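Presented below is the structure to which this report refers.
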Amino acid sequence: MVLRPLGTTGLSVSPLGLGTVKIGRNTGVKYPGGDGFALPDDAVVAELFRTAAELGINLIDTAPAYGASEERIGAIMSANGWFGGRERWVVCTKAGEEFDARAGASRHVFSAPAVRASVERSLKRLGVQRLDLVLLHSDGRDAWIVRESGGAEELDAAVRRGEVRAWGLSAKTAAGATAALERGCGAVMVTLNRGDESSRPVIEAARTRGVGLLVKKALASGHAADPGDALRFALSVPGVSSVVVGTINPAHLRGNVGGVTRGGF
Ligand SMILES: NC(=O)c1ccc[n+]([C@@H]2O[C@H](COP(=O)([O-])OP(=O)(O)OC[C@H]3O[C@@H](n4cnc5c(N)ncnc54)[C@H](OP(=O)(O)O)[C@@H]3O)[C@@H](O)[C@H]2O)c1
């Protein structure tokens with residue numbers, strides 16, 4: 001796979017990124033079969049990361065809202081020398097959403113102090129000196145989050161302090177993604193699949209402005225009939241930097257990379 005620039009952040013990402021919801025959380029999710037799948041053990045997660053590195057994947061996407069995901073990435077990567085070194089990875093995490101596994105519900109806080117505390121906790125859990133990308137983890141109030149919550153200002157400050165390279169928004173609305181572009185973010189994450197192409201104008205606007213664009217739910221959270229076709233569809237849209245696909249199955253990871261490379265990406 002040929003790395004692509006993540007907008008003008010100076011980061012380069014593989015066209016396929018690795019989503020890590022399922023290594024940290026198995027409640028309150030919308031995958032086929034719903035909750036109740038077993039979290040993979042450390043050996044399987046290590047195998048997944050080793051396979052990702054071998055296949056040329058360099059983007060790993062996590063979040064505090066993904067339960068134990070950040071902590072497990074930090075522990076398993078550091079125990080294995082980050083499979084080629086920390087510097088070969090672009091680590092994306094988020095701030096603003098906290099998932100309470102016992103209550104089965106999320107709480108959202110985007111204030112500057114909450115975002116600062118979240119960034120500091122992510123640095124610690126992941127065991128890194130710097131986070132490559134931090135996305136505000138929207139609950140749907142996208143434009144308010146970007147313009148008024150104080151979270152974006154705090155992420156600008158974290159960039160100036162050298163704790164974060166670039167920040168952005170994991171958006172739920174086109175208006176919110178547009179607000180993030182106007183606010184001068186480094187990247188946005190949007191949903192794109194054959195059943196939801198509503199983000200196309202935002203993707204074009206990001207391309208025009210030189211802003212990185214990550215796709216989530218390209219496989220419709222596992223409901224896509226043909227994963228290879230779904231990946232090629234998302235990657236063929238101009239302006240897409242990387243498609244982040246969640247999997248805990250190394251064979252699926254290999255299949256997905258095969259689907260991507262067969263498309264010439
Ligand atoms: N869901 C959200 O609300 C959300 C929000 C923001 C960001 N994200 C990020 O975007 C990533 C992707 O979103 P997502 O996880 O919701 O959806 P997705 O990537 O569209 O789908 C993930 C599902 O597809 C399955 N899958 C992957 N490759 C497959 C293959 N080759 N054949 C059959 N099934 C396959 C996975 O199961 P297996 O484990 O069995 O492979 C998993 O259940 C997340 O991991 C996260 O990093 C998600």
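First listed ligand is number 1; within each ligand, the first listed atom is number 1. As the structure is a prediction and not an experimental result, all values here were calculated from the model.
- Screening Asn26, Val45, Ile23, Val44 for a side-chain contact (heavy atoms from CB on, under 4.5 Å) involving Leu39 leaves a single residue, Asn26.
- For atom 2 (C) of ligand 1, the nearest protein heavy atom (residue, atom name, distance) is Lys217 CE, 3.2 Å.
- For ligand 1, the polar-atom distance check finds an N/O of His252 within less than 3.5 Å of one of the ligand's N/O atoms.
- Geometrically, ligand 1 and Lys216 share no nitrogen or oxygen pair separated by less than 3.5 Å.
- Remark: of the listed residues Arg160, Arg116, Arg147, Arg183, Arg183 is the sole one forming a salt bridge (Lys or Arg N to Asp or Glu O under 4.0 Å) with Glu153.
- Checking only distances, Gly246 does come within under 3.5 Å of ligand 1, N or O to N or O.
- Under the 4.0 Å criterion applied to side-chain N and carboxylate O atoms, Arg125 and Glu120 are not assigned as salt-bridge partners.
- On a distance-only criterion, Met189 and ligand 1 share no N/O pair closer than 3.5 Å.
- The side chain to side chain donor-acceptor pair (under 3.5 Å) with Tyr66 is formed by just one residue from the set Lys94, Lys22, Arg25; it is Lys94.
- By the rule that hydrophobic residues join a cluster once side-chain heavy atoms approach within less than 4.5 Å of another member, Leu123 and Leu155 end up as members of one cluster.
- Some N or O of Thr247 is nearer than 3.5 Å to an N or O of ligand 1, by distance alone.
- The shortest contact between atom 43 (O) of ligand 1 and any protein heavy atom is with Lys22 NZ, 3.0 Å.
- Contact between Phe37 and ligand 1 is absent, with no heavy atom of the residue lying under 4.0 Å from the ligand.
- For ligand 1, the atoms closer than 4.0 angstrom to any heavy atom of Ser170 are 6 (C).
- Ligand 1 has a nitrogen or oxygen under 3.5 angstrom from a nitrogen or oxygen of Asp61.
- Every atom of ligand 1 with a heavy atom of Thr20 under 4.0 Å away is listed here by number and element: 45 (O), 47 (O).
- Salt bridge annotation for Glu87-Arg130: absent, with no cationic side-chain nitrogen under 4.0 angstrom from a carboxylate oxygen.
- Ranking the protein heavy atoms by distance from atom 26 (N) of ligand 1 puts Leu219 CD1, 3.8 Å first.
- Each of the following atoms of ligand 1 lies closer than 4.0 Å to a heavy atom of Gly19: 45 (O), 47 (O).
- Ligand 1 lies within reach of Ala220, whose nearest heavy atom is under 4.0 Å from it.
- Shortest contact from atom 15 (O) of ligand 1 to any protein heavy atom: Tyr31 OH, 2.8 Å.
- Considering backbone and side-chain atoms alike, Gly222 places an N or O below 3.5 Å from some N or O of ligand 1.
- With salt bridges taken as basic N to acidic carboxylate O contacts below 4.0 Å, one links Asp139 and Arg141.
- With Thr93 as the fixed residue, the side-chain contact (heavy atoms from CB on, under 4.5 Å) test singles out one of Ile60, Leu131, Asp132: Leu131.
- With values rounded to the nearest 0.5 angstrom, Arg102 atom CZ is found 12.0 Å from Thr27 atom OG1.
- Taking a cut-off of under 4.0 Å to the non-hydrogen atoms of Val21, the atoms of ligand 1 that pass are 44 (C), 45 (O), 46 (C).
- Considering backbone and side-chain N/O of Ile248, one or more are found under 3.5 Å from N/O of ligand 1.
- A salt bridge links Arg72 and Asp42; the closest N-O separation between the charged side-chain nitrogens and carboxylate oxygens is under 4.0 Å.
- Side-chain N or O atoms of Asn80 include none that pairs as donor or acceptor with a backbone N or O of Trp82 at under 3.5 Å.
- A donor-acceptor pair shorter than 3.5 Å can be found between the side chains of Thr173 and Asp142.
- In the vicinity of Ala218, heavy-atom distances shorter than 4.0 Å reach the ligand 1 atoms 20 (O).
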Task: Audit row: Arg194, Asp229, salt bridge (charged side-chain N to carboxylate O under 4.0 Å, His left out) steps and yes/no - done: CA-CA 10 Å; Arg194 284 200 190 274; Asp229 174 67; 3.1 Å; yes
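- Scanning the protein for heavy atoms near atom 7 (C) of ligand 1, the closest one is Tyr66 OH, 3.1 Å.
- Of the candidates Ser221, Cys92, Gly228, Ser221 brings a heavy atom nearest to atom 18 (P) of ligand 1.
- The shortest distance between side-chain heavy atoms of Leu169 and Ser138 falls below 4.5 Å.
- At the top of the distance list for atom 31 (N) of ligand 1, counting protein heavy atoms only, stands Asn256 OD1, 2.8 Å.
- Short contacts between ligand 1 and Pro227, defined as distances under 4.0 Å to a heavy atom of the residue, involve ligand atoms 30 (C), 31 (N), 32 (N).
- Summary of contacts: the protein heavy atom closest to atom 11 (C) of ligand 1 is Val244 O, 3.6 Å.
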